[in-house]
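Each chain gets a letter, A, B and so on, in the order the sequences are listed, and its residues count up from 1. Since the model is a prediction, treat every value here as computed from it, not as a measurement.
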Protein chains: 2
Amino acid sequence: MVRPPGPREEKKQKTRQALLDAALTLLAGEQSFASLSLREVTREAGVVPTAFYRHFRDMDELGLALVDESFHALRQMMRAARSGTLPTEQLVHRSVATFVTHVRANDRHFQFLLRERAGGRSAIRNAIRTEIRLFISELATDLGRFPALNAWRTEDLRMMAGLVVSTLVNAVLDILDLPAGRPEDAQEMMTVLESQLRLILLGASLWKRGD
Amino acid sequence: MVRPPGPREEKKQKTRQALLDAALTLLAGEQSFASLSLREVTREAGVVPTAFYRHFRDMDELGLALVDESFHALRQMMRAARSGTLPTEQLVHRSVATFVTHVRANDRHFQFLLRERAGGRSAIRNAIRTEIRLFISELATDLGRFPALNAWRTEDLRMMAGLVVSTLVNAVLDILDLPAGRPEDAQEMMTVLESQLRLILLGASLWKRGD
DNA sequence: TGTACATCAGTGAACGCGCGTTCACTGATGTAC
DNA sequence: TGTACATCAGTGAACGCGCGTTCACTGATGTAC
């Protein structure tokens, strides 16, 4: 039987979340994770430095928790998108709009992922790359369900999914750079991203397996 | 009239280069630029910390010099590639081989660029993004010279060039991860990259300006 | 329910360390005559 | 060519600072009877 958490456990989880949020907030500015200090994080979270060790062994462990948190939100969005219908014609347009909205709503998480994907700490870098590879596999599976693509070989589906994902990842950079008060910039960026995805789909319609 | 540099100036340039090389070497490991200290760089270069200031105002200035150096090499490769012939059929295959060879030969520079493109210091990040934007523009111009594409609008050429560049940038990540002694991994990676670029070209052959 | 003890999230002082930057310096190279 | 002075790349000591981590602690929450 699972007991409901008492006030002590609740407060502990709150502090843990405060530490994660503090790190994200500091990371949203100039800093990269590697240059973020344990003391800065606890200061921002409003606890004493030593309290950190009640929640994480070191900064790496906190970073991995941030990776988890970031991809959890992304997977939820993907699941919602998958369960929707497929009008095909509007599919690209809707997916782009959903994606851009999601990234802007979770900008601190994506900023973190984008920086640390190529960044310093190998434990964090590898965790992010593993998640991205998983994301590519899932997208490849989804693509294979389309009538036009279900005769494709697995490796060709992965190749195409990789192309789509690298286009999306690159778009995240542009999305994060969007100034807050200029919707026309966001529109232009979305138009370009949509065109790029359509170009890929056009290419797929002519693709012949190259064996 | 320009005097030839004396022994003093020559030695100074040598130390400057030693500092740049030291930073690159340290960056090739676990560290990101933001976590790299001035003292570490001078230690690796074999000079005293204060000698640093004879060459750079601070670490940012050294970082910008590394950006310059990295893109200088890349532009030289591009220029060489542009001056070659265009067999069209083998064009993608040859370009991919040239690109992969160049990245592997300059792996430390590309590691630096890839990390700092999304990384901490805004001065360096902006310098890298400006160079990439320039690279996209040049590629768009080149693409516009192909008979099949010379009726395209400038913005569509830029859109396509952006797609190609984000594919290449993403490929750099994979290239840098290639283990040294496994040529079959490199082959597979190149095959995938080639397929992705061919897919884009196929899409381009069907593209209709969307006005 | 009331009491006595155990747990443990968060505190606060202390430590040794590497950092960026300052300063006065040394001695080889450069320049003027 | 030789001499006397100027330049300046690199040295070495010193500084104050924020860092990660240790330790013994406090007091609210949890548990057993």
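Straight-line distance from the CZ atom of A/Phe52 to the C1' atom of D/dT22: 16 Å, rounded to whole Å. Distance A/Leu38 CG to D/dT22 P: 11 Å, rounded to the nearest Å. Residue B/Glu10 contributes atom CD, which lies 11 Å from atom P of C/dT29 at whole-angstrom precision. Atom-to-atom, CD of B/Gln17 to P of D/dG10 comes out at 13 Å; the value is rounded to the nearest Å. Rounding to whole angstrom units, CG of residue B/Asp58 and P of C/dT21 are separated by 7 Å. For A/Arg16 and C/dC8, the CZ to C1' distance is 17 Å, given to the nearest whole Å. Summarising the geometry, the separation between CZ on A/Arg39 and P on C/dG18 is reported as 16 Å, rounded to the nearest angstrom. Following rounding to the nearest Å, B/Lys12 (NZ) and D/dC8 (P) show an atom-to-atom distance of 8 Å.
When each of A/Glu9 and B/Glu9 is assigned the nucleotide of DNA chain C bearing its nearest heavy atom, the one mapping closer to the 5' terminus is A/Glu9. Where B/Pro7 and B/Thr50 meet DNA chain C, the nucleotide closest to each residue was compared, and B/Thr50 sits on the side nearer the 5' end. Map B/Thr15 and A/Met59 each onto its nearest nucleotide of DNA chain D; the residue landing nearer the 5' end is B/Thr15.
In this model, the phosphate group of C/dG20 is not approached by any side-chain N or O of B/Arg57 to a distance below 4.0 Å at OP1 or OP2. Within the structure, every side-chain polar atom (N or O) of B/Lys11 is placed at least 4.0 Å from both OP1 and OP2 of D/dA9. Contact annotation: B/Arg43 side-chain N/O to C/dC19 OP1/OP2 distance is under 4.0 Å.
A distance-only check finds a donor-acceptor pair linking the side chain of A/Asn126 to the backbone of A/Ser122 [under 3.5 Å].
Pair assignment for C/dT3 gives D/dA32, based on Watson-Crick or G-U wobble hydrogen-bonding distances that are each under 3.5 Å. Base pairing of D/dG18 is made with C/dC17, judged by Watson-Crick or G-U wobble geometry with both donor-acceptor distances under 3.5 Å. Across all strands shown, the partner of C/dT26 is D/dA9, judged by Watson-Crick or G-U wobble contacts whose two distances both fall under 3.5 Å.
Neither side chain, A/Glu138 nor A/Thr141, offers a donor N or O lying under 3.5 Å from an acceptor on the other. With 3.5 Å as the limit, one finds no donor-acceptor pair spanning the side chains of A/Gln13 and A/Gln17.
In this structure, the ring of B/His102 has its center less than 6.0 angstrom from the ring center of B/Phe110.
If you check every strand for non-hydrogen atoms under 4.0 Å, A/Tyr53 touches a base. Residue contacts shown for B/Ser37 are limited to sugar-phosphate atoms, with no base heavy atom under 4.0 Å away. When heavy atoms are screened at a 4.0 angstrom cut-off, B/Val48 is found touching base atoms of the nucleic acid.
If you check distances only, the side chain of B/Arg54 does reach the base of D/dG10 with a donor-acceptor pair under 3.5 Å.
Taking all atoms of both residues into account, the shortest heavy-atom contact from A/Gly144 to A/Leu157 is CA-CD1, 3.8 Å.
Using a 4.5 Å heavy-atom cutoff, the side chains of A/Ser95 and A/Leu91 are in contact.
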